[in-house]
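A short worksheet on the structure shown next.
Throughout, a chain's letter reflects where its sequence line sits, starting with A, and its residues are numbered from 1. None of the values given here were measured: they were computed from a predicted structure.
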Amino acid sequence: MTTVSVQNVAKSFGTMPVLRDIDSVFPQGTFTSLLGPSGSGKTTLLRIIAGFVAPDQGEVTIGDKDVTGIPVWGRNIGMMFQSYALFPHMTVARNVAFGLERRGIKGAEAAKAVAEALDMVHLSDFGDRMPKNLSGGQQQRVALARAMVIKPSVLLLDEPLSALDRRLRQEMQVELLRIQRQTGLTTIFVTHDQEEALTLSDRIAILDKGRIVQSGAPEDIYENPQTRFAAEFLGDSNFLTGTVESGGVRLPDSTLIQTTAPLPANGQKATLAIRPEKISPTPLEGATNQIAAKILTVIYAGPALSYLLQTPDGTRLKLFQANRDGTLLREGDTITLHWSPAHSIPVQD
Amino acid sequence: MTRLGQIFLGMILIFLYTPILVLMAMGFNESELYELPFRFSTRWYSALASNTELLTSGFNSIVLAVTTAVVATTIGTLAALALSRRSFRGRSLLQLLLLPPIAIPWLITGTAMLIFFFWTGIGRGMHALIIGHVALAVPYVVLVVGTGMKSVRADLEEAAMSLGSTPIHAFFAITLPLLFPSILGAALFAFAVSLDQFVISYFLSSPGYTTLPVQIYSAIRKGFTPEINAISTLLLLGSMTAILIFARFAKPGAPK
């Protein structure tokens, strides 16, 4: 099992910088998601770790080995692609055996390893099928078996679930996590789906415009986003901008919003992020952080209710509530909101 | 609509195949002047066996077509690979320049080649014919193989490399087998372009080296016998067999 680390990596395509100042460690046995919008450089970072792309500067190490100069075929990685990338002219068993053959493993030994790998993904009876006769989910399982059978040092996943429908995707997430936990394989997963990143990862690295803007445990990033981008990209967020004054942030309409987090110096501009589910749609006697808002839209989504609100100065807010007793607030009503100072998180713009 | 479609299809088949069938039949007719009634005879085939001019030019045509197919397919396949997988300066220009030769009338291409070959001292004869035919066939090969390449996703080779294949191994283990039907189709195309070729062959053949179409043309001018039908029939059967074999064994996308 292996720790993967990336030091000081940068990459440009032509004059376009794609990645800058990338320093990241992927500890042994962890499941890390590289999360970002398209164009954020997450796929390029994965391809640099895989060895498909050479960085302009910086180093990649897998285990204690500097692999920066080693091409992809010498790195012993397992990789899953968005399009499955099964070899269409080979049976499922030959697909899985491909990497073993490259390692000189043949005959009974290879057959045994292939059978075990197919068993692991519950496709024991599918060895003789051709890939095109399998469903999307089954093809993805074959791709996983093919990547795992070679006992790679690291498993790299390039949005492998994005082509599957919702139900299948959730099933595959569970499967992937089970296999990852069983094998203890260091796994790096590229996704633009924040929900998927939250569900699967021990660690998330959020990328924006070629930089890692924040990384850490999913709950750390979610509870304490450092930038507006991180707060918006992982989960939903409301933002209130004002001027720092006496330990709080004074909004343009002169409401003072309290926070327990350290703020910049008095007089500076500051933005606070407040998660929509941490706001209560009720006033609280003596509480700080109270704002009146008008309900613009009510969205009923079964277990969850969400409200679009507008404060008197025109700021739009979102509020999520669990559907406890089936009663909804009415559109057009003006309500008073409150939330705890601990839930106003100062973020950088 | 279906009825009309069937009639059209029937007419196409009739106009395409009736002349060919008549040509084949007349090769077995005893009359030297294509007279009816039909009397079966193999005399023209016997005569053909001693007609060295026709036989030699027929043999030349086949050698030339096979050579063209091999050379043009090799060059064209490599070009198609480069055009679809590599990015280099002038790629789109090259890709664009491949198309016009297909649309330029052969008479013009042939005249241009004749003048150019005369100037440069390449001259006429077998070597000139090979160069000319290959040049004609390469664009077709690039088109056919290039289209085939579109169905071979680049990430298949990447998957192979992630499993330990070098790029060369990945090419031979993954891309080439998947591309094989297209390459075979392209080779057949090149073969047909060469075998069919009259105008350019007429300009570039030398007195000592000529192809069957050119030979038939000059025979027609001198007055001819159904030996021409006989050799045409043989040639036709040969190329039809090749195409049918191809259609049978190389269904693109079908598992082997």
inquiry  = Quick one: does any side-chain atom of B:H127 pair with a main-chain N or O of B:I122 as donor and acceptor, under 3.5 Å?
reply    = yes

query = Relative to chain B, which segment of A:L100 carries a heavy atom at a distance below 4.5 Å: side chain, backbone, both, or neither?
reply = neither

task = Enumerate by number any residue of residues 72-80 of chain A whose heavy atoms lie under 4.5 Å from heavy atoms of chain B; in the absence of such residues, state 'none'.
result = A:V72, A:W73, A:I77, A:M79

query = Going by heavy atoms in the side chains, are A:F126 and A:V96 under 4.5 Å from each other?
reply = no

ask   = Excluding sequence neighbours, so at least two apart, what forms ring pair (Phe, Tyr, Trp, His ring centres under 6.0 Å) with A:F87?
value = A:F98

message = According to side chain to side chain contact (heavy atoms under 4.5 Å, CB included), who are the partners of B:T18, at least two apart in sequence or on a separate chain?
response = B:I14, B:V22

inquiry  = When you compare the side chain of A:D193 with that of A:R169, does any pair of heavy atoms fall below 4.5 Å?
reply    = yes

message = Please tell me whether B:N60 and B:T211 have a donor and an acceptor in their side chains that are separated by less than 3.5 angstrom.
response = no

query = Checking heavy atoms, do the side chain of B:A170, its backbone, both or neither come under 4.5 Å from chain A?
reply = neither

key: Side chain / backbone / both / neither for A:R47 at chain B, heavy atoms under 4.5 Å   = side chain

Side-chain donor-acceptor pairs under 3.5 Å in residues 97-108 of chain B, sequence neighbours left out?
none

